[in-house]
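Any value given below was found using the heavy atoms of this structure, including those in side chains, with hydrogens, waters and symmetry copies removed.
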Amino acid sequence: MMEEHVVVYVTAGSEQEAETLSHGLVTEKLAFCVNVVPAIKSYYHWDGKMNVDAEVLMIIKTRRDRFDELKQWVSEHHSYDVPEVIALPVVAGLDAYLQGIDDWVPPKK
C-alpha cells in the first residue's frame, strides 16, 4: 500500500476559494481529505519580478493514480492561470488512514 498515495500542495488566493476547491475535490472523490491552512505568505518570482502575496495552503491526500485527474480538475476550477499543484509521495503512514484514502477515492479506471 505504500507509495500508492500522494500529498498534494495547492495554494489559493483566498480562504473562500480554498474551501470551494476542497469541497469539490472531496465531493468528486479526487481527494479523501483536504486541510486548509489559512494566512500563509508566499514569496515567488513570476513575470520577471519578485512577488509577495497572502495565500491559503491546501494539503490534499489522494491516490497517486488519480493525480493527473486531480491536477486537471484544479486547473479547470482554480482562479489562477497557473496554480501551484505539487505532489509528494507518501512513503509511510498509518495503514487505517491509507485504507481510508483507498475506500473513498476509487482507483483510476
Side-chain angles (χ1 to χ4, degrees):
M1 197 179 314
M2 299 303 167
E3 298 192 27
E4 294 178 8
H5 306 95
V6 292
V7 172
V8 181
Y9 288 171
V10 174
T11 52
S14 70
E15 197 164 341
Q16 180 180 358
E17 179 176 28
E19 289 177 7
T20 299
L21 292 168
S22 298
H23 186 271
L25 288 166
V26 174
T27 300
E28 295 292 324
K29 293 193 172 198
L30 293 171
F32 171 63
C33 175
V34 181
N35 304 114
V36 176
V37 182
I40 66 167
K41 188 179 284 188
S42 297
Y43 293 78
Y44 59 98
H45 189 267
W46 193 258
D47 286 335
K49 64 180 181 175
M50 178 66 147
N51 296 274
V52 180
D53 288 312
E55 291 188 298
V56 176
L57 176 63
M58 300 164 50
I59 305 170
I60 304 163
K61 278 70 76 173
T62 192
R63 297 174 55 88
R64 179 187 297 270
D65 65 356
R66 299 299 299 276
F67 174 71
D68 287 339
E69 292 168 82
L70 182 148
K71 178 174 61 174
Q72 183 64 35
W73 191 94
V74 169
S75 294
E76 291 172 1
H77 293 88
H78 204 290
S79 66
Y80 294 175
D81 291 336
V82 181
E84 172 187 0
V85 183
I86 297 173
L88 304 172
V90 173
V91 296
L94 182 68
D95 289 340
Y97 188 85
L98 299 177
Q99 186 61 53
I101 296 172
D102 292 339
D103 290 348
W104 181 252
V105 180
K108 184 176 179 177
K109 295 177 185 176

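- One distance of note links NE2 of His5 with CD1 of Ile101; it measures 5.0 Å at 0.5 Å rounding.
- Considering all non-hydrogen atoms of both residues, Pro106 and Arg66 come closest at O-NH1, 2.6 Å.
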Please report, to 0.1 Å, the donor-acceptor pairs under 3.5 Å made by any side chain of residues 30-45, with sequence neighbours excluded.
{"from": "Asn35", "atom 1": "OD1", "to": "Lys61", "atom 2": "NZ", "distance (Å)": "2.2"}
{"from": "Ser42", "atom 1": "OG", "to": "Glu55", "atom 2": "OE1", "distance (Å)": "2.5"}
{"from": "Tyr44", "atom 1": "OH", "to": "Asp53", "atom 2": "OD2", "distance (Å)": "2.3"}

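- Asp65 contributes a side-chain N or O that, together with a main-chain N or O of Lys108, makes up a donor-acceptor pair within less than 3.5 Å.
- Annotation: Tyr9, atom OH; neighbour count of heavy atoms from other residues, nucleotides and ligands within 6.0 Å does not exceed 12.
- Here the closest heavy-atom approach between residue Asp102 and residue Arg63 is recorded as OD1-NH1, 2.7 Å.
- The two residues Ser75 and Pro83 make their nearest non-hydrogen contact at CA-CG, 4.3 Å.
- Taking every heavy atom of both residues into account, Val56 and Glu15 meet most closely at CG2-N, 3.4 Å.
- Within 6.0 Å of the NE2 atom in His23, the count of heavy atoms belonging to other residues, nucleotides or ligands does not exceed 12.
- In the hydrophobic clustering of this structure, Leu94 groups with Val105; members are Ile, Leu, Val, Met, Phe, Trp, Tyr whose side-chain heavy atoms approach within less than 4.5 Å, directly or through other members.
- Atom CG of Leu88 sits about 10.0 Å away from atom CZ of Arg64, to the nearest 0.5 Å.
- Contact record, Phe67 with Ala87: CE1-CB, 3.5 Å, taken as the closest heavy-atom pair.
- Between the His78 side chain and the Val74 main chain, no donor and acceptor come within less than 3.5 Å of each other.
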- Verdict with supporting geometry, Met58 and Val8, side-chain contact (heavy atoms from CB on, under 4.5 Å): CA-CA 8 Å; Met58 300 164 50; Val8 181; over 6 Å; no

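- One hydrophobic cluster, built from ILVMFWY side chains closer than 4.5 Å, cannot hold both Val82 and Val10; they sit in different ones.
- There is no path of hydrophobic side-chain contacts, each under 4.5 Å, that joins Tyr80 to Leu57.
- Heavy-atom minimum distance, Ser79 versus Glu17: N-OE2, 2.7 Å.
- The number of heavy-atom neighbours closer than 6.0 Å to CD of Gln16, taken from other residues, nucleotides and ligands shown, is 12 or below.
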